[in-house]
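Note that the structure is predicted; figures quoted are calculated from it, not measured. The figures that follow rest on heavy atoms only: side chains count, while hydrogens, waters and symmetry mates do not. Whatever order the structure lists ligands and atoms in, that order sets their numbers, starting from 1. Starting from 1, each residue takes its place in the sequence as its number.
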Amino acid sequence: MEKKAQLYEGKAKKLFETSDPDLVIQYFKDDATAFNAQKKGTIKDKGIVNNNMSARLFRLLEEESIPTHFVKQLSDREMLVKKLKILPVEVVVRNIIAGSLAKRLGIEEGIPAPFPIVEFYYKNDALGDPLVTEDHIRVLGLATAEQVRDIKNYSLRINDVLMKFFDERDILLVDFKLEFGMHNNDLLLGDEIAPDTCRLWDKKSLEKLDKDRFRRDLGKVEEAYQEVLKRVMK
Ligand code: ADP
Ligand code: UDP
């Protein structure tokens with residue numbers, strides 16, 4: 001599949017059109033940002049890790065009857081996907097309290113949630129991606145009630161599949177972010193699932209194996225991404 005004009009350059013990926021108007025190519029960069037792009041850097045070979053890992057996980061989810069945008073992996077940094085109209089809502093699922101939720105609720109990082117917590121954020125860089133309720137989503141017209149219901153059901157099923165997958169690889173799936181979009185009349189999982197968008201802790205040592213190593217200057221960032229890829233691909 002031939003890469004045509006660039007449609008978009010984001011913080012971590014570029015999107016290219018193809019000869020098929022229904023399909024686009026995601027190109028995964030090494031660029032890393034955090035705190036609403038106030039912190040910038042690069043993580044060597046991150047694009048390769050995120051592309052290969054996302055491809056593996058999208059295949060896994062498709063096997064479990066969860067519809068995704070994934071068509072095929074084209075190269076180490078390129079993935080062919082169905083073109084989506086992305087809903088401007090980021091979905092976060094949490095199994096262990098961490099990050100912004102630990103801060104907001106004043107709970108220590110690492111306390112297990114009694115059930116998976118689902119949160120929605122308004123994908124809007126100017127506003128800093130604020131937390132929104134289902135009513136806010138409807139007031140803003142970001143998604144319909146039916147889309148919200150389906151997104152929630154898919155997200156919880158995805159959590160079940162991914163928790164088991166990572167557990168078998170001695171990794172705790174602490175939390176993760178998903179994006180969904182419409183392709184014709186179908187709601188599909190889009191974007192990526194990778195250490196940039198998940199919190200992944202080693203089951204025994206609780207060592208962080210994700211983007212928090214970059215966010216919090218913990219060192220061994222590249223090593224953590226490579227370790228996750230190794231375990232995901234085994
Ligand atoms: P950001 O836009 O936040 O900087 P990225 O650098 O990851 O993020 O850019 C990728 C962009 O592509 C995101 O805005 C994402 O919502 C969008 N996207 C993901 N999958 C698809 C798809 N299948 N079709 C169209 N857009 C997509
Ligand atoms: N996340 C993401 N993109 C965002 C915000 C969060 O991929 O724009 C992921 C993040 O990597 C983590 C989960 O969503 O796995 C929950 O993030 P949190 O709300 O704790 O925010 P953070 O403090 O990480 O910005």
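Heavy atoms of Arg94 approach ligand 2 to within less than 4.0 angstrom. Ligand 2 has Glu90 within reach: a non-hydrogen atom of the residue lies less than 4.0 Å from it.
Protein heavy atom at the shortest distance from atom 9 (O) of ligand 1 is Tyr8 CE2, 3.5 Å.
Here's the thing with Lys11: one of its N/O atoms is less than 3.5 angstrom from an N/O atom of ligand 1. Of the polar atoms of Glu192, none of the N or O atoms is found under 3.5 Å from an N or O of ligand 1, judged by distance alone. Taking distance alone, with nitrogen or oxygen atoms compared against 3.5 Å, Val24 stays at or beyond that limit from ligand 1. Residue Leu84 places at least one N or O, backbone or side chain, under 3.5 Å from an N or O of ligand 1. Taking only nitrogen or oxygen atoms, main chain and side chain alike, Ser100 reaches within less than 3.5 Å of ligand 2. The distance criterion of under 3.5 Å between nitrogen or oxygen atoms is met by Asp175 with respect to ligand 2.
We find that Lys14 and Asp31 are not joined by a salt bridge, their nearest charged nitrogen and carboxylate oxygen being 4.0 Å or further apart.
Side-chain contact between Asp76 and Asn52 is present, with at least one heavy-atom pair separated by less than 4.5 Å.
Each of Asp191, Asp30, Asp125, Asp196 was checked for a salt bridge (Lys or Arg N to Asp or Glu O under 4.0 Å) with Lys11, and the lone residue meeting it is Asp125.
Using a 4.0 Å cut-off between heavy atoms, Ile86 contacts ligand 1 through its side chain alone, with no backbone atom that close. At a heavy-atom cutoff of 4.0 Å, ligand 1 is contacted by no atom of Lys29, backbone or side chain. At a 4.0 Å heavy-atom cut-off, ligand 2 touches Asp129 through the side chain alone. Counting heavy atoms closer than 4.0 Å to ligand 1, residue Leu15 contributes side-chain atoms (C-beta onward) but none from N, CA, C or O.
Counting the atoms of ligand 1 from 1 in the order shown, those under 4.0 Å from a heavy atom of Val81 are 23 (N). With ligand atoms numbered from 1 in the order given, ligand 1 contributes 19 (C), 20 (N) to contacts under 4.0 Å with heavy atoms of Gln26. Per-residue contacts place His69 under 4.0 angstrom from the following atoms of ligand 1 (heavy atoms of the residue considered): 20 (N), 22 (C), 23 (N). Near Glu179, meaning under 4.0 Å from any of its heavy atoms, are these atoms of ligand 1: 15 (C), 16 (O). The ligand atoms of ligand 1 that sit less than 4.0 angstrom from a heavy atom of Ala12 are 5 (P), 6 (O). Contact atoms of ligand 2 toward Val92: 14 (O), 16 (C) (distance under 4.0 Å to a heavy atom of the residue).
Of the listed options Lys177, Arg215, Arg199, Lys211, Arg215 places a heavy atom closest to atom 11 (O) of ligand 2.
Note that CD1 of Ile171 and SG of Cys198 are 10.0 Å apart. Values are rounded to the nearest 0.5 Å.
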